[in-house]
Amino acid sequence: MKRRDLIATGCISLTTASSGCLNFPLRENEDKPWVGVSVVADNIRVGFDTEQVFEIFMGQSNVMGNKLPDENQEHHIRIDVSTLEQYGVNIEDLSVETTQGKWGLGPSDAYNNNVDSVDITDGVIELLILTSEDVSETDPIALKLTGYQFTNVESVTEIQYDVQSPEDHVEINHGTFGGPQSGSKCGFTRSTDGEFTLVDPQLLSPTLCPSSIDAYRGSHQNLDIEWLTPEADEVVIEIDISVLDKYGTIGETVIEPLNKRGPSNESRAVGATLDSLSIDEGTISIKLVPDPGTNYASVSVRLSGMDLPIGDPVRDISYEMTIEGDVDETVETGSFDITNDPPDPNSDA
């Protein structure tokens with residue numbers, strides 16, 4: 001499926017760990033051409049992230065499929081980020097420019113070709129996009145906001161930027177995707193209209209975030225270890241997965257690193273280097289070497305090869321995890337389910 005098809009149908013999947021369908025409201029006068037715009041802002045990890053990336057997705061959303069007339073091929077988007085002032089940010093220090101995005105499916109040199117101008121004044125980003133009559137052919141657009149320094153934050157804060165357009169033919173899409181389990185720190189909800197989460201890693205405990213296991217589809221599982229605050233030259237993590245012995249056989253289980261595109265010899269480690277990774281008798285051992293001066297690290301790995309011949313689903317399973325070399329000795333472990341769901345033979349999917 002092409003990028004333009006994803007946007008036109010109103011369902012976009014932005015990460016391997018979480019995805020969501022965004023249901024956009026109906027509009028009056030559906031026979032008139034109009035454009036739906038989604039603005040997805042990166043979450044910010046205080047003291048670690050030096051830039052916040054905005055991905056802008058455009059789609060012609062009127063049901064009649066009319067082409068845009070000449071007078072509707074300029075699209076002004078305003079993103080008011082001045083709310084950052086209440087968290088200690090001096091908005092006069094902020095700057096914005098185009099950048100390489102994360103979710104666009106075109107080649108890197110295709111980014112931002114439709115951006116005519118972008119600037120920021122008094123905490124308001126002004127973006128002018130020029131398109132042809134067919135908005136679905138618009139290249140991916142990404143901006144980055146820099147220059148912020150936070151002085152007044154809590155562990156987790158949801159922030160909503162005000163995203164608007166002064167033009168009648170442009171509407172901002174409203175929808176959310178992702179999000180944690182209740183009480184969990186395993187991911188945070190974002191939206192298509194400028195909502196994101198501000199996180200201070202030093203105020204969170206190290207957290208194990210396991211994905212659910214579908215025994216029918218191969219019994220693999222991703223494990224994300226989040227919110228590490230290293231204090232030593234190395235961080236040693238051990239995860240006991242022997243609880244799976246209750247539901248099958250794990251003697252042939254394989255552990256390997258993840259990158260953003262799935263299993264790979266290149267690890268998906270942030271703020272650190274993966275020094276070693278092994279599994280022995282139901283215990284996973286991970287050694288990280290933190291980057292100099294970092295206040296945050298995380299790593300993601302994948303388990304595969306388990307034989308879990310369950311019948312009914314098994315709910316709320318938890319592993320045990322210990323960590324050495326982190327500021328916080330307390331750890332949190334998210335729970336997961338094991339299911340055995342063959343595809344529905346009556347489904348059209």
Side-chain donor/acceptor of N43 to backbone N/O of T197, under 3.5 Å: yes
Spatial distance of atom CG (L84) from atom CG (L198) [nearest 0.5 Å]: 8.0 Å
Steps toward side-chain contact (heavy atoms from CB on, under 4.5 Å) verdict (D224, S300): CA-CA 4 Å; D224 299 327; S300 298; 2.6 Å; yes
I'd like a table of donor-acceptor pairs (distance under 3.5 Å, sequence neighbours excluded) in which one partner is a side-chain atom from residues 231-246, with atom names and distances.
{"from": "D240", "atom 1": "OD1", "to": "S242", "atom 2": "N", "distance (Å)": "2.9"}
{"from": "D240", "atom 1": "OD1", "to": "S242", "atom 2": "OG", "distance (Å)": "2.7"}

Donor on one side chain, acceptor on other, H75 and T131, under 3.5 Å: yes
Ring centre gap for F196 and F188 strictly below 6.0 Å: no
Any donor-acceptor N or O pair under 3.5 Å, side chains Y296, E226: yes
Side-chain touch W227/R45, heavy atoms, less than 4.5 angstrom: yes
Nearest-0.5 Å distance that lies between atom CD1 in I225 and atom CD1 in I284: 7.5 Å
side-chain contact (heavy atoms from CB on, under 4.5 Å) assessment of E252 paired with D307: CA-CA 8 Å; E252 301 300 320; D307 182 17; over 6 Å; no
With sequence neighbours excluded, residues passing salt bridge (charged side-chain N to carboxylate O under 4.0 Å, His left out) with E126: R78
Salt bridge present between K144 and D42 (N-O < 4.0 angstrom): no
Side-chain (N114) to main-chain (D139) donor-acceptor, under 3.5 angstrom: yes
Within-4.5 Å side-chain heavy-atom neighbours: I79 and V96: no
Please report, to 0.1 Å, the donor-acceptor pairs under 3.5 Å made by any side chain of residues 314-327, with sequence neighbours excluded.
{"from": "R315", "atom 1": "NH1", "to": "D337", "atom 2": "OD2", "distance (Å)": "3.2"}
{"from": "Y319", "atom 1": "OH", "to": "Q221", "atom 2": "OE1", "distance (Å)": "2.6"}
{"from": "D326", "atom 1": "OD1", "to": "T229", "atom 2": "N", "distance (Å)": "2.5"}
{"from": "D326", "atom 1": "OD2", "to": "D328", "atom 2": "N", "distance (Å)": "2.9"}

N340 side chain to I310 backbone, donor-acceptor under 3.5 Å: yes
CA sep, side-chain torsions, deciding dist, call: L288, L274, side-chain contact (heavy atoms from CB on, under 4.5 Å): CA-CA 5 Å; L288 298 176; L274 178 59; 3.9 Å; yes
Within 6.0 Å of CD in E71, more than 12 heavy atoms from elsewhere: yes
Check: D193 main-chain N/O paired with Q160 side-chain donor or acceptor under 3.5 Å: yes
